[in-house]
Amino acid sequence: MSNETGSDKFTAINEIARRRGFFWQSYEIYGGVGGFVTYGPLGAKLKQNIERKIRELFVNKLGILEIESSVIAPRKVFEASGHVNHFKEPMIECSKCNKRFRADHLLQEYTKISATETEKMSLEEIKQAIEKNAITCPECGGIFNPPKQFLTMFETTIGPYSAATGYGRPEAAQGIFVEFSRLYKMAREKLPFGVIQIGHALRNEISPRQGLMRLREFTIADLEFFFDPEMPCCHLLKDVESETLTLVLSEKRAKGSEEAISVTVKEALEQKIVSSEWQVFFMAIAKKLLTEIGVPPENQRFIEKLPWEKAHYATQCFDQEVYVDRWGWVEVSGHAYRTDYDLASHMKASGADLCVYKEYETPVEQKQVVLKPVMAKMGPAFKAEATKVADLLLKASAEEVATSLEKNGYYMVENYRILPNHVDFSCQETVVRGKRFIPHVVEPSFGSDRLVYVTLEYAYHVKDDRVLMSFPRTIAPTQIGVYPLVSKDGLVEKAEEMHKLLVNEGFTAEFDETGSIGRRYARADEAGVPLGITIDYDTMSDGTVTIRNRDSWQQVRSPIKDLPELLQKYFKGKIHFEDLGTLLQVK
RNA sequence: GCGGUCGUAGUCUAGUUUGGUUAGGACAUCAGCCUGCCACGCUGACGACCCGGGUUCAAAUCCCGGCGACCGCACCA
């Protein structure tokens with residue numbers, strides 16, 4: 001494994017990605033802009049197939065709802081979600097050496113001001129605090145320029161001539177939370193349920209320099225799973241409870257160790273390593289996803305975030321990481337327990353009721369003392385104030401009034417003295433059939449582009465000095481290559497016929513007649529085409545073709561008429577390559 | 001944003017030190033010939049000096065500025 005520039009897998013993959021059209025930096029004709037990529041034909045297809053895999057595992061199998069909401073949201077949404085406050089950082093620059101620092105971090109380090117306090121400070125307050133404490137550049141001792149805010153959300157105005165600020169969403173999650181009421185109705189008002197959204201998100205990164213790993217515009221798959229905190233059990237846990245997870249816990253990390261433990265899902269819960277059943281369930285599914293796109297389990301792990309690393313909305317948070325050649329462990333998904341943070345915040349900010357109502361299995365009978373003002377007595381006693389006093393009285397606790405009357409012979413509401421004959425008490429039996437509460441949320445969130453990158457890296461192989469992209473066949477951008485062995489004697493026409501047949505069957509097939517057969521195989525290997533079907537002279541006489549395996553270069557011979565069914569099974573992963581026909585001896 | 005290194009066809013690169021004819025090669029791509037299963041060979045074609053300014057008779061080459069890339073710093077909800 002090399003870390004030298006120009007010789008590692010990252011470089012090799014970026015090179016092949018440009019050359020073969022997986023992806024490249026956008027706006028190249030204008031010099032390119034960092035943090036934006038264009039997916040070419042192969043990359044776009046690969047990405048779609050990976051996202052289809054997410055849908056297969058999360059949407060279809062778990063009955064999760066998929067939505068698509070807008071990228072731009074009004075300021076209020078991100079004020080409520082906390083992003084306006086948390087997505088900006090006060091930066092300060094040394095006037096002498098130009099080194100930059102987080103102003104809040106400096107204050108925390110050099111003064112006794114806590115992180116929660118610095119968070120609330122204005123730029124002016126920070127400036128004053130820096131001056132007051134005579135903090136200078138830790139590098140060179142230089143004086144600091146005034147602090148500036150760096151907002152990592154893209155800001156815009158909504159509508160022409162408008163002063164209405166809008167932001168590009170830095171995550172797709174808020175698009176789900178703000179639509180909660182409708183979605184809950186669509187889930188037939190039952191918990192638990194989940195909503196997923198796969199779409200673009202924007203983050204104005206200061207330095208987005210790692211290809212697909214850190215983009216300013218990227219695709220995120222956010223799944224918000226809503227459940228009743230009093231019923232946190234995951235009914236699907238059995239499906240995954242014996243699955244093993246590799247975990248690096250925060251307690252180890254705090255001590256500077258990255259030592260991982262390996263536990264089953266069941267053990268993780270029993271030992272209270274992961275607090276939420278649903279969270280660990282999704283972590284197990286996430287492992288399955290990564291495994292299916294080609295990352296072996298030993299190169300995957302979950303790392304628990306330290307308290308100061310966690311997002312502002314999360315209690316417990318694990319990042320799923322994959323080992324990559326250039327950077328070591330990198331995050332591909334985050335698993336956060338967001339509690340009721342988001343819904344509660346939007347409820348408060350919007351005034352909309354985002355509670356759900358839960359009916360108890362057995363209604364609870366409650367005996368309640370109810371107070372009733374006796375207006376016939378209060379009227380003469382309080383005259384014009386009577387109605388006001390009665391209203392105040394109704395807001396008071398009946399129990400409290402009763403106790404006070406019994407004990408003192410009167411009850412004071414503001415300056416009014418209530419006497420026993422002013423009120424009547426009755427005992428009312430009410431049946432409470434349920435309660436209202438805000439659901440809790442666990443969120444698995446995937447970076448689609450990072451999934452594409454790790455897929456490419458794990459598919460990348462070199463065999464006999466040739467590059468093979470060994471994509472798992474369920475996500476390969478092109479499924480089948482069709483080749484006439486030579487371009488004469490009617491083989492081309494026969495191959496075209498074959499190609500048409502496959503396309504009509506719904507396969508993604510490419511026809512290639514240019515160059516020698518070996519060259520075409522090599523070309524297809526590099527594009528990650530799992531199977532090559534070659535039309536040769538035997539095809540013309542007996543209707544059979546050879547099928548070549550991209551990874552082993554083995555070949556089988558099979559009758560054309562059997563192909564549609566066999567290939568369907570093969571690409572669903574139900575049969576092996578050897579089951580496609582009779583194995584040929586390769587010279 | 002800072003510092004270091006760098007920027008020549010789709011890709012890899014020669015040329016830059018010491019300015020000078022038509023910027024050379026390889027691979028890939030396309031057209032044709034060839035073809036009997038792993039990048040064969042032959043012929044031809046397409047295709048580049050990151051952008052802008054300056055110095056000079058003359059700039060890929062020297063100088064300045066910009067843009068971009070990589071590495072490091074910082075940042076990364």
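In plain terms, the two heavy atoms of A/Pro477 and A/Phe22 that are nearest each other are CG-CE2, 4.2 Å.
Using bins of under 30°, 30° to 60° and over 60° for the plane-to-plane angle, the ring pair A/Phe226/A/Phe177 lands in the perpendicular bin. Aromatic ring orientation, A/His499 versus A/Phe511: tilted (interplanar angle from 30° to 60°). Ring-plane geometry between A/His83 and A/Phe78 is classed as perpendicular, the angle between the planes exceeding 60 degrees on a 0 to 90 degree scale with a lower cut at 30.
A/Asp579 places a side-chain N or O within donor-acceptor distance of the main-chain N or O of A/His576, the cut-off being under 3.5 Å.
Base pairing of B/G65: its partner is B/C51, meeting the Watson-Crick or G-U wobble criterion (both donor-acceptor distances under 3.5 Å). Pair check for B/A39 finds none; no Watson-Crick or G-U wobble contact set falls under 3.5 Å. The partner of B/U17, taking Watson-Crick or G-U wobble pairs whose two distances both stay under 3.5 Å, does not exist in any strand shown. Pair check for B/A59 finds none; no Watson-Crick or G-U wobble contact set falls under 3.5 Å. In this structure B/C2 sits in a base pair with B/G72, meeting the Watson-Crick or G-U test at under 3.5 Å. Shown here, B/C46 forms no base pair; nothing in the strands shown gives a Watson-Crick or G-U wobble contact with both key distances under 3.5 Å.
Geometrically, A/Arg203 does not engage A/Phe218 in a cation-pi contact defined by less than 6.0 Å to the ring centre and at most 45° from the axis.
Rounded to the nearest Å, the gap between the C1' atom of B/A74 and that of B/A59 is 38 Å. Taking the C1' atoms as reference points, B/G44 lies 36 Å from B/C6, given to the whole Å. Rounded to whole Å, the P atom of B/G47 lies 28 Å from the corresponding atom of B/C34. On the P atoms, B/A9 is 10 Å away from B/C51, given to the nearest whole Å. Comparing the P positions of B/C64 and B/U18 gives a spacing of 15 Å, expressed to the nearest Å. Comparing B/G24 with B/G20, their P atoms are spaced 14 Å from each other, to the whole Å. When the C1' atom is used for both B/U29 and B/C67, the distance is 29 Å, rounded to whole Å. Taking atom P on both B/U11 and B/C49, the two are 13 Å apart, rounded to the nearest angstrom.
Distances shorter than 4.0 Å separate none of the side-chain N or O atoms of A/Ser516 from OP1 or OP2 on B/U35. Taking only side-chain nitrogens and oxygens, A/Gln25 comes nearer than 4.0 Å to OP1 or OP2 of B/A69. Between A/Arg519 and B/U29 there is a side-chain N or O to OP1 or OP2 distance below 4.0 Å.
Residue contacts for A/Glu171: at a heavy-atom cut-off of 4.0 Å it reaches no nucleic acid atom on any strand shown. At the heavy-atom level, A/Thr514 lies under 4.0 Å from the strands shown only through sugar-phosphate atoms.
Taking 3.5 Å as the limit, the base of B/C37 and the side chain of A/Tyr521 contain a donor-acceptor pair of atoms between them. Checked by distance alone, A/Asp536 brings a side-chain donor or acceptor within 3.5 Å of a matching partner on the base of B/C37.
Taking atom NZ of residue A/Lys305 and atom P of nucleotide B/C76, one finds them 11 Å apart after rounding to whole Å. Put simply, CZ on A/Phe23 is 14 Å from P on B/A69, counting in whole angstrom units. Atom CD in A/Gln210 sits roughly 12 Å away from atom P in B/A69 (whole-Å rounding). Atom CZ of A/Arg216 is separated from atom C1' of B/C75 by 12 Å (rounded to the nearest Å). To the nearest angstrom, P of B/C27 lies 15 Å from CD of A/Glu526. When the C1' atom of B/G72 is taken as reference, atom CH2 of A/Trp327 falls 14 Å away, rounded to whole Å. A/Arg214 places its CZ atom 13 Å from the P atom of B/A69, with the value rounded to the nearest Å. Look at CZ on A/Arg548: it is 11 Å from C1' on B/A39, rounded to the nearest Å.
Of the candidates A/Val71, A/Asp449, A/Leu202, A/Glu217 forms a side chain to side chain contact (heavy atoms under 4.5 Å, CB included) with just one, namely A/Leu202.
Distance from the side chain of A/Thr546 is smallest to B/C37 among B/C38, B/C37, B/U35. Taking every side-chain heavy atom of A/Thr534 into account, B/C37 is the closest of B/A39, B/U35, B/C37.
Between A/His335 and A/Phe302, the distance separating the two ring centers is shorter than 6.0 angstrom. Aromatic ring centres of A/Tyr337 and A/Trp278: separated by at least 6.0 Å. Taking the six-membered ring for Trp and the full ring otherwise, the centers of A/Tyr167 and A/Phe154 sit at least 6.0 Å from each other.
Two residues, A/Tyr537 and A/Arg466, neighbour RNA chain B, and the one matched to the more 5' nucleotide by heavy-atom proximity is A/Tyr537. Comparing A/Asn204 and A/Val467 by the nucleotide of RNA chain B whose heavy atom lies nearest to each, the residue mapping closer to the 5' end is A/Val467.
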Could you list, one pair per line, each protein nitrogen or oxygen that sits under 3.5 Å from a nitrogen or oxygen of nucleotides 7-14 of chain B, together with the distance?
{"residue": "B/U11", "atom": "O2'", "partner": "A/Glu15", "partner atom": "OE2", "Å": "3.0"}

